[in-house]
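Okay, structure first, notes after.
What you are looking at is a predicted structure, and each value in this text was computed from that prediction instead of being measured. Every number for a ligand or one of its atoms is a count from 1 in the order of the listing.
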Amino acid sequence: MYQLNEKIRDLKPYDPIEGNYRIRLDANESFVPLPYTVMTKLLEKTAFLPYNRYPDPTAEDVCKAFARYYGIDPALVTAGNGSDELISLIMTAFLMKGEKVVTLSPDFSMYKFYASIAEADCIELEKQDDLTIDVDAQIEFCNSNGVRLLIFSNPCNPTSLGLGREETRRLIRSVDALVVLDEAYMDFWNQSLLPEAADFDNLIILRTCSKAFGLAGLRLGMAVANKVLTNALKAVKSPYNVNALSQAIAAEVILHPGLLEEAIRQVLESRDTLFKGIQELSKKHSAIEKIYEPCTNFVFLQVKDAQKIHAELLAHSIAVRLIGGKYLRITAGTEEENRSVLAALEDILTKEG
Ligand SMILES: *Cc1c(COP(=O)(O)O)cnc(C)c1O
């Protein structure tokens with residue numbers, strides 16, 4: 001009788017949140033749709049693609065558009081089917097079985113998942129009490145334990161906190177490990193290391209089109225690193241990992257920098273409104289214990305009875321993320337969505353109090 005191996009035996013299919021909710025503020029997507037004029041342009045462009053042929057394995061057009069947008073060398077860019085694919089690829093290809101990976105906690109949960117599929121030895125280091133990263137502690141731990149790979153998000157999902165450029169550089173320079181710096185939310189902050197990615201021999205920066213660019217449905221992520229690491233990534237990826245439609249659409253959208261800047265501005269404005277609204281609520285309701293200074297498109301807060309509040313928001317048909325049993329992560333939404341979630345919170349906290 002066939003039996004699944006033990007590394008996958010108990011896994012369950014990924015399920016973000018079951019059920020249909022009126023308001024979805026649980027996945028950090030952008031609430032900004034593409035303008036109608038761009039949609040129409042895309043319709044034309046994608047109607048005539050050679051779908052009988054395999055897509056460009058190097059995703060040249062979209063890598064070039066991406067590189068131009070950020071002012072970097074296109075030869076250092078590798079496209080992936082979402083940065084999720086790139087994380088998985090890096091874990092499987094850059095580590096031998098049993099080698100040590102360090103992830104921080106709390107951080108993006110998929111790191112640990114892909115490390116376990118890759119049969120790496122994943123060590124999760126707790127962040128400091130204020131949820132910031134202790135750079136010296138990371139350096140010391142990595143170098144005295146033969147760690148081969150260190151991966152973390154900056155700014156961080158879920159804490160929304162950022163690590164400044166100088167500290168990030170110091171961390172990368174001081175460890176022997178390969179550092180995978182996940183800048184999924186860096187379009188909302190200003191401490192990117194993208195322009196200097198090639199100055200390090202041990203750095204891969206990940207970016208995604210799923211958050212600030214509002215293209216989560218396309219599944220497109222990018223890795224930026226020096227030539228040696230980029231060659232290795234291109235050599236180990238599956239040849240046709242990014243489909244023709246995603247390549248064509250993203251290449252077109254990224255060629256409208258003004259559009260992206262405007263979308264980012266709108267998201268940041270919404271994020272500030274949400275942040276201020278929650279700050280106001282916290283003055284009246286002591287159940288809100290701490291609100292973290294956001295560097296992303298979401299707000300992270302520590303609340304009393306988080307589980308219960310999360311459930312009651314779901315009862316209001318509003319989905320947010322419950323993290324670690326005591327935090328809520330709320331994605332910035334449209335004006336109306338923000339108003340709804342703030343009103344629901346007010347309602348819930350007033351009844352609780
Ligand atoms: C959303 C997210 C990603 C996933 O990006 P995809 O390109 O959609 O796979 C990667 N890292 C972090 C930290 C994220 O929050």
Side-chain angles (χ1 to χ4, degrees), residues 14 16-17 24-31 59 62-63 66 70 77-92 101-115 117 124 127 131 133 149-163 168 179-189 191-194 204-224 233 237-238 241-243 246-247 249-250 253-254 260 264 267 271 292 294-300 319-324 327-332:
Y14 183 74
I17 279 193
R24 298 293 305 248
L25 301 174
D26 59 312
N28 295 344
E29 297 142 325
S30 172
F31 64 86
V62 71
C63 286
F66 174 89
Y70 289 109
V77 181
T78 308
N81 197 325
S83 48
D84 256 85
E85 186 203 18
L86 295 167
I87 298 166
S88 167
L89 185 65
I90 292 166
M91 294 286 184
T92 345
V101 180
V102 163
T103 61
L104 308 183
S105 176
D107 204 340
F108 190 46
S109 59
M110 300 310 284
Y111 304 148
K112 214 172 132 184
F113 167 75
Y114 290 122
I117 301 289
E124 206 173 17
K127 288 187 178 166
L131 303 186
I133 297 174
L149 194 155
L150 167 65
I151 183 165
F152 64 99
S153 56
N154 188 39
C156 170
N157 173 11
T159 67
S160 199
L161 299 174
L163 184 67
T168 311
V179 177
V180 180
L181 176 61
D182 185 348
E183 293 190 348
Y185 299 92
M186 193 55 91
D187 298 292
F188 302 114
W189 204 36
Q191 298 290 304
S192 179
L193 291 191
L194 264 192
I204 299 177
I205 299 180
L206 299 179
R207 303 288 293 226
T208 178
C209 296
S210 301
K211 306 287 159 62
F213 290 6
L215 299 173
L218 290 189
R219 311 305 304 123
L220 187 65
M222 302 289 184
V224 180
L233 276 170
K237 80 177 186 66
S238 91
N241 58 330
V242 181
N243 73 74
S246 294
Q247 289 189 32
I249 294 174
V253 173
I254 302 173
L260 299 177
I264 291 168
V267 172
R271 190 276 315 273
Y292 293 80
C295 296
T296 62
N297 64 335
F298 56 86
V299 178
F300 188 63
V320 305
R321 267 298 285 273
L322 173 69
I323 309 261
Y327 303 103
L328 297 178
R329 191 196 69 192
I330 310 178
T331 309

- In terms of heavy-atom contacts, Lys237 and Ala79 come closest through CD-O, 4.2 Å

- Query: Are Lys112 and Glu124 close enough for a salt bridge, meaning some N to O gap below 4.0 Å?
  - Reply: yes

- Note on the structure: Looking only at protein heavy atoms, what sits closest to atom 14 (C) of ligand 1 is Lys211 NZ, 3.0 Å

- Note on the structure: Ranked by distance from atom 9 (O) of ligand 1, the top protein heavy atom is Arg219 NH2, 2.8 Å

- Note on the structure: In ligand 1, the atoms that come under 4.0 Å of a heavy atom of Ala184 are 11 (N), 12 (C), 14 (C)

- Query: What orientation do Tyr327 and Tyr292 show, parallel under 30°, tilted 30 to 60°, or perpendicular over 60°?
  - Reply: perpendicular

- Any idea which atoms of ligand 1 are less than 4.0 Å away from a heavy-atom of Ser153? 13 (C)

- Is it true that Asp26 and Arg329 have a side-chain N and a carboxylate O under 4.0 angstrom from each other? no

- Just need the protein heavy atom nearest to atom 5 (O) of ligand 1, so name the residue and atom and give the distance. Ser83 OG, 2.9 Å

- Task: Considering only non-hydrogen protein atoms, determine which one is nearest to atom 11 (N) of ligand 1 and report residue, atom name and distance to 0.1 Å.
- Result: Asp182 OD2, 2.5 Å

- Note on the structure: When Tyr114, Phe108, Phe113 are each screened for side-chain contact (heavy atoms from CB on, under 4.5 Å) with Tyr111, the one that passes is Phe108

- Query: In the protein, which heavy atom is nearest to atom 8 (O) of ligand 1, and how far is it?
  - Reply: Ser210 OG, 2.6 Å

- Examine the side chains of Thr331 and Arg24 and answer whether a donor and an acceptor come within less than 3.5 Å of each other. no

- Is ligand 1 under 4.0 Å from a heavy atom in the side chain of Glu85, in the backbone, in both, or in neither? neither

- Message: Check whether Ser83 reaches the backbone of Thr208 with its side chain - one donor and one acceptor, N or O, closer than 3.5 Å.
- Response: no

- Task: Show which atoms of ligand 1 fall inside a sub-4.0 Å distance from at least one heavy-atom site of Thr208.
- Result: 5 (O), 6 (P), 7 (O), 8 (O)

- Query: Can you list the steps and then say if Asn157 with Asn28 is a side-chain contact (heavy atoms from CB on, under 4.5 Å)?
  - Reply: CA-CA 9 Å; Asn157 173 11; Asn28 295 344; 3.9 Å; yes

- Polar proximity ligand 1 side, Asp84 side, N/O cut 3.5 Å exclusive: yes

- Task: Specify side chain, backbone, both or neither for Asn157, according to which of its non-hydrogen atoms lie closer than 4.0 Å to ligand 1.
- Result: side chain

